[in-house]
Amino acid sequence: MDSSSSSSGAGLSTVDPQLQHFIEVETQKQRFQQLVHQMTELCWEKCMDKPGPKLDSRAEACFVNCVERFIDTSQFILNRLEQTQKSKPVFSESLSD
């Protein structure tokens, strides 16, 4: 009984690299889709007064500006998070000091 439980425990700790890559790619796709949905909702609420058959030039300019600001802000936040993570010591390194 012990040998089967130890072998199943070892099987859980090793993950197929292809499966792990697939999961990472799908997770990135999901995050991107959530970001697009969030941006669409935000810009629609901000720029669309009353829907019609065509976008007027004011609404079109508003959408372009909104999307650009959303992307700029998202990029700024990601860069800031990366800087914060780089400046923090890794937990295992802090234990060894």
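Quick note: residue numbers are just sequence positions, from 1. Values reported hereafter were calculated over all heavy atoms of this structure, with side chains retained and with hydrogens, waters and symmetry mates removed.
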For residues 64-82, run the donor-acceptor check on the side chains, cut-off 3.5 Å, and write out each pair with its distance to 0.1 Å, sequence neighbours left out.
unit_1: Asn65; atom_1: OD1; unit_2: Arg69; atom_2: NH1; d: 2.8
unit_1: Arg69; atom_1: NE; unit_2: Asp72; atom_2: OD2; d: 3.4
unit_1: Arg69; atom_1: NH2; unit_2: Asp72; atom_2: OD2; d: 2.7
unit_1: Thr73; atom_1: OG1; unit_2: Arg69; atom_2: O; d: 2.8
unit_1: Ser74; atom_1: OG; unit_2: Phe70; atom_2: O; d: 2.9
unit_1: Gln75; atom_1: NE2; unit_2: Asn79; atom_2: OD1; d: 3.3
unit_1: Asn79; atom_1: ND2; unit_2: Gln75; atom_2: O; d: 3.4

Review point. For the atom pair CH2 (Trp44) and CE (Met39), what is the distance rounded to the nearest 0.5 Å?
Key: 13.5 Å
**Study point:** Spacing of Gln28 atom CD and Leu35 atom CG [to the nearest 0.5 Å]
**Key:**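 One gets 13.0 Å once the value is rounded to the nearest 0.5 Å.
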Exercise for review: Check whether the SG atoms of Cys43 and Cys62 are less than 2.5 Å apart, and answer yes or no.
Suggested key: no
Point to revise | Under 4.5 Å side-chain linkage, directly or through intermediates, the cluster mates of Val36 | key: Phe32
Review point. Any side-chain heavy atom of His37 sitting closer than 4.5 Å to one from Gln33?
Key: no
Review point. Do Lys29 and Glu26 come close enough that some side-chain heavy atom pair is under 4.5 Å?
Key: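 The answer is yes, as the side chains (C-beta and beyond) meet within the 4.5 Å cut-off.
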Point to revise | Greater than 12 external heavy atoms within 6.0 Å of Arg31's CZ | key: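 No, CZ of Arg31 has 12 or fewer neighbouring heavy atoms, counting only those of other groups under 6.0 Å.
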Check your understanding: Just wondering, are more than 12 heavy atoms of other shown residues or ligands nearer than 6.0 Å to CD in Gln18?
Key -> no
